[in-house]
Amino acid sequence: MKESMQARITNKRMNFGEFKVIFPDTSACLRYLDEVKWGRGYVCKSCGHRRESKAPKLFSRRCGRCGHTESPTAGTIFHGIRIPLEKAFFIAYLVISEQENLTLEQLSAYWNCGSTPSAVSG
């Protein structure tokens with residue numbers, strides 16, 4: 001874990017295995033989004049109320065006044081995706097950390113052909 005965190009700091013390119021140490025599963029990704037989105041407190045997007053009540057799903061928030069429920073992915077690029085969240089996180093990481101631009105064809109080939117993360121040319 002320490003080496004992967006150091007790689008993030010030094011901007012060293014991580015492969016999928018190293019990245020999975022930081023975000024091993026969907027829950028880790030949701031926990032991260034939860035912290036980024038509501039780390040400084042919850043505010044309902046619908047009515048502006050600051051108190052929340054128990055939501056039906058883990059990491060979601062429900063407004064204590066109007067009942068509006070919001071997931072950590074709502075309003076982000078990850079909302080409604082149809083691939084595993086940890087894979088989407090890694091794709092986002094590749095796109096923002098890449099010195100050269102990756103094409104959609106490269107990303108698609110990378111995931112659909114079963115190649116290993118280290119096989120992406122850079």
Task: Asn15 backbone acceptor or donor facing Glu18 side chain under 3.5 Å - done: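 Yes, because the side chain of Glu18 sits within donor-acceptor range (under 3.5 Å) of the backbone of Asn15.
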4.5 Å side-chain heavy-atom contact, [X] and [Y]:
X: Ile22; Y: Met14; value: yes
X: Phe78; Y: Pro72; value: no
X: Thr73; Y: Leu30; value: yes
X: Leu85; Y: Asp25; value: no

- [ ] Identify whether the distance between the nearest side-chain nitrogen and carboxylate oxygen of Glu70 and Lys37 falls below 4.0 Å.
- [x] yes
- [ ] Show your working on ring-ring contact (aromatic ring centres under 6.0 Å, His included) between Phe90 and Phe23 and close with a plain yes or no.
- [x] CA-CA 9 Å; Phe90 186 66; Phe23 295 108; over 10 Å; no
Open item on the list: If I take atom OG from residue Ser27 and atom CD from residue Glu86, how far apart are they, to the nearest 0.5 angstrom?
Closed with: 9.0 Å
Task: Straight-line distance of Ile91 CD1 to Ile77 CD1, nearest 0.5 Å - done: 9.5 Å
Open item on the list: Is there a path of hydrophobic side-chain contacts, each under 4.5 Å between heavy atoms, that joins Tyr32 and Trp38?
Closed with: no
N/O donor-acceptor pairs under 3.5 Å from side chains in residues 42-60, not counting sequence neighbours:
residue, atom, partner, partner atom, Å
Tyr42, OH, Cys63, N, 3.4
His49, ND1, Arg65, NH2, 3.1
Glu52, OE2, Arg61, NH1, 3.0

Task: Closest non-hydrogen atom pair, His79 against Ser71 - done: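 Here His79 and Ser71 meet closest at ND1-OG, 4.3 Å.
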